[in-house]
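By convention in this document, chain letters (A, B, ...) are assigned in the order of the sequence lines, proteins followed by strands, and residues within each chain are numbered from 1. All heavy atoms count here, side chains included; hydrogens, waters and symmetry mates do not.
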Protein chains: 2
Amino acid sequence: MDGTILFHVDCPSRLLFEQIADKWSMMILTVLDENPTRFNELKRRCEGVSQKSLSQTLRRLERNGMVDRHVRSTSPVAVEYSLSPLGVTLLVPFRALYRWTCDNMEAVETARREFDVRE
Amino acid sequence: MDGTILFHVDCPSRLLFEQIADKWSMMILTVLDENPTRFNELKRRCEGVSQKSLSQTLRRLERNGMVDRHVRSTSPVAVEYSLSPLGVTLLVPFRALYRWTCDNMEAVETARREFDVRE
DNA sequence: CGGCATCCTTTTGGATACTG
DNA sequence: CAGTATCCAAAAGGATGCCG
């Protein structure tokens, strides 16, 4: 009678989703999709991100194989981040989600107003 | 020379993305896609969610127009949640993301192992 | 059954200072 | 420039008790 879906705590898709569905990952990957970008430039483009959050998120993205980190041994050092091949594939569903938010922004705002009136 | 993308703090897609990219929304919507589901049944299917987090997330999903809440005045009360038409459209990009996590789980785990060895 | 209110712990994140 | 380390404030989240 009822459905059968159960999201177990060890469900692999859950573990992975929790790695990518954060506030900054999609933004960072989208910026990197345009150009390989250096740390501080990335920080400027993702307005509001702190240095700490940015470096943490970049580290996680790198660890998960979505971003490549390239160090140029100039002086001072230049560190360039770029999309890995895996990161490129992730951008496909991300873009679909991004487009959904753009397409449905108004519908959501209308729903919010109606909800707030009901309360 | 550089790219031109800038994610402003007021960027509407950011504001909306932060509403849907949380730990539970995708799971809840996926369960509801199978059947309209009652609160405690939903809680059982999304293993690990607390009552507090579930009710908060459901409230937000309802406010954003993605979920409908229907109260049956039996005794005790039965509250049934279901996907709204808007929620149905959101599931499309969500499913693409879900599929990506399933398809690329192993690639990510390999990348992690390699990263951890490098450190 | 489906919550809300409260308390309390844990996590997150910002600010600052420091380093190669 | 590109971080790391530390400290502290803010927010999220679990546990519990209560209610219609």
Side-chain angles (χ1 to χ4, degrees), chain A residues 1-2 7 9 14-15 17-28 31-32 35-63 67-82 115-116 118-119, chain B residues 1-3 7 9 14-15 17-28 31-32 35-64 67-82 115-116 118-119:
Chain A
M1 45 178 225
D2 285 330
F7 285 102
V9 280
R14 267 182 69 162
L15 299 174
F17 184 75
E18 283 160 30
Q19 294 274 316
I20 60 182
D22 67 284
K23 191 172 177 180
W24 302 113
S25 289
M26 189 176 82
M27 261 181 271
I28 292 172
V31 172
L32 295 186
N35 290 294
T37 309
R38 291 172 59 179
F39 187 87
N40 282 314
E41 177 68 17
L42 214 34
K43 186 168 181 307
R44 276 186 293 274
R45 295 205 188 281
C46 302
E47 206 176 61
V49 71
S50 69
Q51 190 180 44
K52 185 183 179 179
S53 299
L54 181 58
S55 68
Q56 282 175 347
T57 307
L58 281 171
R59 243 178 131 48
R60 185 175 55 246
L61 288 172
E62 189 196 356
R63 178 167 187 264
V67 154
D68 291 328
R69 180 174 179 273
H70 183 71
V71 183
R72 287 182 206 292
S73 306
T74 54
S75 169
V77 200
V79 180
E80 196 169 77
Y81 292 90
S82 59
F115 180 92
D116 292 346
R118 280 204 299 278
E119 306 309 278
Chain B
M1 47 177 224
D2 286 331
F7 285 102
V9 282
R14 268 182 69 162
L15 298 173
F17 184 75
E18 282 160 30
Q19 295 273 315
I20 60 181
D22 67 283
K23 192 173 176 180
W24 303 112
S25 290
M26 189 175 82
M27 262 181 271
I28 293 171
V31 172
L32 295 186
N35 289 294
T37 308
R38 290 172 59 179
F39 187 87
N40 281 313
E41 177 68 17
L42 214 34
K43 186 168 181 307
R44 276 186 292 274
R45 294 204 189 280
C46 302
E47 206 176 61
V49 70
S50 69
Q51 188 181 46
K52 185 182 180 179
S53 298
L54 181 57
S55 68
Q56 281 175 346
T57 307
L58 281 170
R59 246 183 124 56
R60 185 174 56 245
L61 288 172
E62 189 196 356
R63 178 166 186 263
N64 287 331
V67 154
D68 291 327
R69 180 173 179 273
H70 183 72
V71 183
R72 287 183 205 292
S73 307
T74 53
S75 170
V77 198
V79 180
E80 197 169 78
Y81 292 90
S82 59
F115 180 91
D116 292 345
R118 280 204 299 279
E119 306 310 279

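- Under the 4.5 Å side-chain criterion, counting only non-hydrogen atoms from C-beta, A:Phe7 is not in contact with B:Val49.
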Using nucleotides 18-20 of chain D, report all nitrogen or oxygen pairs with the protein that are shorter than 3.5 Å.
none

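- Between A:Arg38 and D:dC1, a side-chain N or O to OP1/OP2 separation shorter than 4.0 Å is absent.
- Following rounding to the nearest Å, B:Arg60 (CZ) and C:dC4 (P) show an atom-to-atom distance of 14 Å.
- Rounded to whole Å, the distance from CG on A:Asp22 to C1' on C:dT11 is 15 Å.
- Among all heavy-atom pairs drawn from A:Ser53 and A:Trp24, the shortest one is CB-NE1, 4.1 Å.
- For the pair A:Glu18 CD and D:dA12 C1', the computed distance is 14 Å after rounding to whole Å.
- Not counting sequence neighbours, B:Arg69 has no partner by the salt bridge (charged side-chain N to carboxylate O under 4.0 Å, His left out) test.
- Not a single donor-acceptor pair under 3.5 Å links the side chain of A:Glu80 to the backbone N or O of A:His70.
- In the helix from C:dC1-D:dG20 to C:dG20-D:dC1, the end axes, each obtained as the rotation axis mapping the C1' atoms of four pairs onto the next four within a five-pair block, lie 50° apart to the nearest 10 degrees.
- Looking only at side-chain heavy atoms (C-beta outward), A:Asn40 and A:Arg44 come within less than 4.5 Å of each other.
- Checked against side-chain hydrogen bond (donor to acceptor under 3.5 Å, both in side chains), B:Arg38 has no partners two or more places apart in sequence or in another chain.
- From B:Leu58, atom CG reaches atom OG1 of B:Thr37 across 10.0 Å, with rounding to the nearest 0.5 Å.
- With rounding to whole Å, A:Glu80 atom CD is found 14 Å from D:dA2 atom C1'.
- If you check every strand for non-hydrogen atoms under 4.0 Å, A:Arg69 touches sugar and phosphate atoms only.
- Of the residues in residues 50-59 of chain A, those placing a heavy atom less than 4.0 Å from an atom of DNA chain C are A:Ser50, A:Lys52, A:Ser53, in numerical order.
- Following rounding to the nearest Å, A:Lys43 (NZ) and D:dG3 (P) show an atom-to-atom distance of 13 Å.
- Here the P atom of nucleotide C:dG3 and the CG atom of B:Leu61 are 13 Å apart, to the nearest Å.
- Residues B:Ser25 and B:Gln19 are not in side-chain contact: their nearest non-hydrogen atoms beyond the backbone lie 4.5 Å or more apart.
- Between B:Phe115 and B:Arg118 the shortest side-chain heavy-atom distance falls below 4.5 Å.
- Separating the CG atom in B:Asp22 from the CD atom in B:Gln56 is a distance of 10.5 Å, to the nearest 0.5 Å.
- Between A:Tyr81 and D:dG3, a side-chain N or O to OP1/OP2 separation shorter than 4.0 Å is present.
- In terms of the salt bridge (charged side-chain N to carboxylate O under 4.0 Å, His left out) criterion, residue partners of A:Arg59 (sequence neighbours excluded) are, by chain and number, B:Glu119.
- Taking atom CD on A:Glu47 and atom C1' on C:dG14, their separation rounds to 16 Å, with Å as the unit.
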